[in-house]
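Structure first, commentary second.
By convention here, the first residue in the shown sequence is residue 1. In what follows, every heavy atom counts, from backbone to side chain, and hydrogens, waters and symmetry copies are set aside.
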Amino acid sequence: WVGYGVHLLAGDAETAQGYGYGDSYLLWVTRDPSYQTNRGYVQLYRSFNDVRMIQVASAILPVSDFDELETTVYTNSDEGEIQVFLEGRYAFTFPTDDLKSTAPEVALRALGPVTFTNLTVRGE
């Protein structure tokens, strides 16, 4: 079981020890052969606090090896949507009316040793 991801638009986290991270969205890249298949998935979770999260969107990864997967996430509070791209290919759009455009935090999360490279966060 492997996985890594980033909490977006995060705020109000009390601890980084739970699965959730305050009020945020978690983009999670994972593979769990005992639960699913050998295919990898990109998943979007809505985190309500440090322990309560629900999965709101998912897509199968377009590649079999995701050790160096280029992942791009766009959040648009005007349109009320989160768009996810993998290796430049569209994965999914999640419509929502509760995007927190002023939440200041981003948190990286991983199961096991992971290296995040070329992380860029832009705001407008």
With sequence neighbours excluded, what pairs up with T96 under the side-chain contact (heavy atoms from CB on, under 4.5 Å) test?
Y25, F94, D98, L99
Say whether V106 and L69 are linked into one hydrophobic cluster, either directly or through other cluster members, by side-chain heavy-atom distances under 4.5 angstrom.
yes
Ring pair (Phe, Tyr, Trp, His ring centres under 6.0 Å) against Y74, all qualifying residues, sequence neighbours excluded
F85
If you compare all heavy atoms of G22 against all heavy atoms of S47, which two are closest, and at what distance to 0.1 Å?
O-OG, 2.8 Å
What closest approach, in Å, do S58 and Y41 show between heavy atoms, and which atom pair accounts for it?
OG-CD2, 3.8 Å
Partner set under side-chain contact (heavy atoms from CB on, under 4.5 Å) for F92, not counting sequence neighbours:
L27, V42, L44, A57, A59, V84
List the residues meeting side-chain contact (heavy atoms from CB on, under 4.5 Å) with L8, not counting sequence neighbours, and say none if there are none.
V6, V73
When you compare the side chain of T117 with that of L119, does any pair of heavy atoms fall below 4.5 Å?
no
Can you confirm whether Y4 sits close enough to F116 that some side-chain heavy atom of one is under 4.5 Å from a side-chain heavy atom of the other?
yes
CA sep, side-chain torsions, deciding dist, call: D23, R52, salt bridge (charged side-chain N to carboxylate O under 4.0 Å, His left out):
CA-CA 10 Å; D23 185 14; R52 182 172 167 253; over 6 Å; no
Can you tell me how far the CH2 atom of W28 sits from the CD atom of Q55, to the nearest 0.5 Å?
12.5 Å
Measuring from L9:CG to E105:CD, what's the distance to the nearest 0.5 Å?
11.0 Å
Do R89 and L61 have side chains that get closer than 4.5 Å, going by heavy atoms?
no
List in chain and number order the residues that pass side chain to side chain donor-acceptor pair (under 3.5 Å) with S24, two or more places apart in sequence or in another chain; answer none if no residue qualifies.
H7
One should read off an interatomic distance between I82 CD1 and R46 CZ, to the nearest 0.5 angstrom, of 8.5 Å
Please list, chain by chain and in numerical order, all residues satisfying side-chain contact (heavy atoms from CB on, under 4.5 Å) with E81, sequence neighbours excluded.
N76, E79, Q83, T93
L86 side chain reached by E70 side chain, heavy atoms, under 4.5 Å:
no
Taking atom OG1 of T30 and atom CD of Q43, what is their separation to the nearest 0.5 Å?
6.0 Å
